[in-house]
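Okay, structure first, notes after.
All chains are named by letter (A, B, ...) in the order of the sequence lines, taking the proteins before the strands, and each is independently numbered beginning at 1.
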Amino acid sequence: MTDRFADKLLAWYDQHGRHNLPWHHDRNAYRVWVSEIMLQQTQVTTVIPYFEAFMERFPTVRDLAEAPVDDVLSHWSGLGYYARARNLHKAATQVVDEFGGEFPANAETLETLTGIGRSTAAAIVAQAFGKRAAILDGNVKRVLARHHAVPGWPGRTGVLRQLWEYAEEHTPDERVRDYTQAIMDLGAMVCTRSKPECNACPVSDTCQAFARNETHLYPGSKPKKAKPEKTTWMLILEDTEGRVLLERRPPSGIWGGLWSLPELDPAHGADELQQACERELGLECHEPELISGFRHTFSHYHLHIQPARLSVQRQKGVAESGRFQWFYPDQALNMGLPAPIRTLLTEPEQTALL
DNA sequence: AAGCCGGGGAG
DNA sequence: CTCCCAGGCTT
């Protein structure tokens, strides 16, 4: 490239970039790696408090590798995409067992670690080791799609390949660490999704979308499809000591590995909950108290959650075996809970009359 | 190539 | 409400 894209970006970054994010301090491969995983599909402002707490609890990759996965999930609770946490824990053991606790300094080897793909590997190589590597996250996709007027949704293979080519082309040999931060900062602060501040952009003079006054057309938007609606009963089962029953979710699938409330099929009417609890959970309960339901939206479907509280008078065996366990409220809140379940257990719930 | 996998910020 | 965020894995 002869348009000095990187030089202009770096000059802007020196003046206006974000130089004080938590993972910029005490920079090492471990901290960079954790931040990159947390930042996948997650905004910076959301990540910051999670990153701080996580580093307090797991200061090194060995601390992480030696920790119970439940401990890792509890620190991920509310952040979403929990496979990231499971993969992070697994990768930590890989780093310790296969690489003696030292992160590999090249992208190809980093990609053998669970949860690290092409862009994350490049980010670690550049940020932690200062070696040349091209990244392509959501910010960079938007900047490059506009700058080169690349049509189409970046989820399409051809569009993605074209963007990777531009990403490689613009990545400089010098100051790669600053450059990767600079192009992400530009995307986050100037070349924003809506109403970009092209007046403040250091590369607007060579931006094709800006020249055509068509920044709003790039990048192409994702084709949307309707999300199915699902419904479930969520049971707040309390024993005589004030403990609540939680169920560990299967290791894969939605909320994989997290502790959640026992559920019942929505085909059951409210008047059948007592029987169902006894038959399916082995719990003799009092009358259910219905709590106002709410809708929770996932990336690919909506879930209507209908909570019901039942006092348990006698256990007849089944529960407290395998995946079911009783917790005192403060214990429960220290577990890896899905965000809506945490809210449900925390907020003073409004009760609806049956 | 398309689906799966969360939760929240911002408009 | 919609859109998308420092994506990767599975099918």
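Of the two residues contacting DNA chain B, namely A:Lys195 and A:Phe298, the nearest-nucleotide position lying further toward the 5' end is that of A:Phe298. Residue-to-nucleotide proximity on DNA chain B shows that, of A:His300 and A:Gly158, the 5′-proximal contact is made by A:Gly158. The residue among A:Lys227 and A:Ala121 whose nearest nucleotide of DNA chain C is located toward the 5' end is A:Lys227.
A donor-acceptor contact under 3.5 Å is formed by the side chain of A:Thr42 with the base of B:dG6. Side-chain N/O atoms of A:Arg193 and base N/O atoms of C:dC4 include no donor-acceptor pair closer than 3.5 Å.
The side chain of A:His296 places an N or O atom within less than 4.0 Å of a non-bridging phosphate oxygen (OP1 or OP2) of B:dG7. For A:Lys224 and C:dC3, the shortest distance from a side-chain N or O to OP1 or OP2 is below 4.0 Å. Look at A:Thr120 and you'll find a side-chain N or O under 4.0 angstrom from OP1 or OP2 of C:dG8. Dashed line: the shortest gap from a side-chain N or O of A:Trp255 to OP1 or OP2 of B:dG7 is under 4.0 Å. Residue A:Gln41 places at least one side-chain N or O closer than 4.0 Å to OP1 or OP2 of C:dG7.
Across the protein-nucleic acid pair, A:Arg249 atom CZ and B:dC5 atom P stand 10 Å apart, rounded to whole Å. One can place CZ of A:Arg86 at 12 Å from C1' of C:dG8, the figure rounded to the nearest angstrom. Rounded to a whole Å, the CG atom of A:Leu110 is 12 Å from the P atom of C:dG8. As a whole-Å value, the separation of A:Lys225 NZ from B:dG3 C1' is 6 Å. Atom C1' of nucleotide B:dG7 and atom CZ of A:Arg84 are separated by 9 Å, given to the nearest angstrom. One interatomic measurement links the two molecules: OH of A:Tyr81 to P of B:dC5, which rounds to 10 Å at whole-angstrom precision. One atom, CZ of A:Phe294, and another, P of B:dG8, lie 12 Å apart when rounded to the nearest Å. One atom, CG of A:Leu39, and another, P of B:dG7, lie 17 Å apart when rounded to the nearest Å.
Salt bridge present: A:Arg249 and A:Glu263 bring a charged side-chain N and a carboxylate O closer than 4.0 Å.
Aromatic rings of A:Phe298 and A:His296 (six-membered ring for Trp) have centroids within the 6.0 Å cut-off, being under it. Annotation: A:Tyr166 is not in aromatic contact with A:His147 [ring centroid separation under 6.0 Å not met].
When all heavy atoms are compared, the tightest approach of A:Arg175 to A:Asp14 is NH2-OD1, 2.8 Å.
Side chain of A:Arg142 to backbone of A:Gly187: a donor-acceptor contact under 3.5 angstrom is found.
The aromatic rings of A:Phe103 and A:Tyr30 lie tilted to each other, with the angle between the two planes from 30° to 60°.
Looking at the side chain of A:Thr45, the nearest of the listed nucleotides C:dC1, C:dC4, B:dG9 is B:dG9. Distances were taken from every side-chain heavy atom of A:Ser194 (C-beta onward) to each of C:dG7, B:dG8, B:dG11; the shortest belongs to B:dG11. For A:Ser221, taking side-chain heavy atoms from C-beta onward, the closest of the listed nucleotides C:dT2, C:dC4, B:dG9 is C:dC4. Side-chain atoms of A:Glu36 lie closest to C:dA6 of the nucleotides B:dG6, C:dA6, B:dG9.
C:dC9 sits 24 Å from B:dG8 when the P atoms are compared, rounded to a whole Å. Distance check on atom C1': C:dA6 versus B:dG3 gives 23 Å, rounded to whole Å.
A:Gln306 and A:Thr231 form no side-chain donor-acceptor contact under 3.5 Å, judged by distance and modelled atom types alone. Side-chain contact check for A:Gln181 and A:His24: at least one donor-acceptor pair (N or O, by modelled atom type) lies under 3.5 Å.
A heavy atom closer than 4.0 Å to some atom of DNA chain C occurs in A:Asp137, A:Gly138, A:Asn139, A:Arg142, these being the qualifying members of residues 133-144 of chain A.
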